[in-house]
J.: 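What follows is a single structure, and I will ask about it in a moment.
Ligands are counted one by one from 1 in listed order, and the atoms in each one are counted from 1 as well.
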Amino acid sequence: MSQREYHIVVLGSGGVGKSCLTAQFVQNVWIESYDPTIEDSYRKAIEVDGRHVILEILDTAGTEQFTAMRELYMKTGQGFLLVFSITSMSSLYELAELREQIRRIKEDDRVPMVLVGNKSDLEEDRSVPRPRAFKISQDWGNVPYYETSARRRANVDEVFVDLCRQIMIKDQRRYPHPQLKETKRRKRKKRVDCTIL
Ligand SMILES: Nc1nc2c(ncn2[C@@H]2O[C@H](COP(=O)(O)OP(=O)(O)OP(=O)(O)O)[C@@H](O)[C@H]2O)c(=O)[nH]1
Ligand SMILES: [Mg+2]
């Protein structure tokens with residue numbers, strides 16, 4: 001079977017750490033400086049549950065002036081990392097609108113998504129209590145919630161792999177693996193045989 005390519009979009013307010021998370025995941029590097037993104041894309045090959053996949057990752061702009069491209073990447077994206085900073089309550093609240101927009105554009109209530117509270121190393125500056133963010137993730141239909149630190153590279157791989165797994169499950173439902181299809185067919189045939197007997 002050909003190698004699958006999945007489109008992931010990293011979304012959230014300006015300065016929450018989208019580019020740093022992406023850079024840690026793709027290149028294993030930590031970026032201390034802040035350089036607001038317009039739009040960057042990366043490719044990374046990974047193996048998840050024995051399957052080789054290529055992730056095409058779109059790192060988006062948090063700043064309002066660049067939001068014109070949003071609708072387009074929401075259409076092409078198959079999975080979304082919704083990132084806020086645990087040091088900013090407004091960055092969490094701003095994700096609600098993005099999530100609504102994704103659901104509306106994709107006309108799907110169960111789009112693969114992960115809620116990410118970044119900057120977990122700044123515990124002393126925390127203004128989003130963990131239960132508050134967790135409750136929101138539950139209200140969004142049990143969206144997985146992770147706290148990450150791009151600085152310490154904590155939970156970085158986990159959020160991308162979780163999202164990839166969600167996309168894979170959806171993809172398998174749409175295009176079942178040939179072997180699985182075969183098994184189903186055989187099972188069906190057996191049942192027919194039984195009826196004849
Ligand atoms: N302490 C700490 N700082 C972080 C972390 N992640 C990012 N930062 C810092 O936060 C600033 C902004 O990070 P970026 O990754 O550029 O933020 P962004 O979300 O991509 O911002 P935009 O591109 O403007 O949307 C940088 O100075 C980073 O060094 C983290 O996990 N911990
Ligand atoms: Mg950025």
J.: CD of Gln3 to CD1 of Ile54: how many Å apart, nearest 0.5 Å?
T.: 4.0 Å
J.: Only counting residues at least two apart or in another chain, list the ones meeting salt bridge (Lys or Arg N to Asp or Glu O under 4.0 Å) with Lys75.
T.: Glu71
J.: Nearest 0.5 Å, please: how far is CD in Gln101 from CG in Leu95?
T.: 12.0 Å
J.: So which protein N/O/S atoms does the Mg ion (ligand 2) have within less than 2.8 Å?
T.: Ser19 OG, Thr37 OG1
J.: Where the side chain of Lys170 meets the backbone of Arg110, is there a donor-acceptor pair that is under 3.5 Å apart?
T.: yes
J.: In this structure, which one of Thr148, Leu55, Val159 forms a side chain to side chain contact (heavy atoms under 4.5 Å, CB included) with Phe25?
T.: Leu55
J.: Sequence neighbours left out, what pairs pass ring pair (Phe, Tyr, Trp, His ring centres under 6.0 Å) with at least one residue falling in residues 78-107?
T.: none
J.: Is any side-chain N of the basic residue among Asp121 and Arg152 closer than 4.0 Å to the acidic one's carboxylate O?
T.: no
J.: Does Arg51 pair with Asp171 as a salt bridge, N-O distance under 4.0 Å?
T.: no
J.: Are Gln166 and Asp162 packed together at the side-chain level, in the sense that at least one heavy-atom pair is separated by less than 4.5 angstrom?
T.: yes
J.: Students should find this: residues with any non-hydrogen atom under 4.0 Å from ligand 1. What is the answer?
T.: Ser13, Gly14, Gly15, Val16, Gly17, Lys18, Ser19, Cys20, Trp30, Ile31, Glu32, Ser33, Tyr34, Pro36, Thr37, Ala61, Gly62, Thr63, Asn118, Lys119, Asp121, Leu122, Ser149, Ala150, Arg151
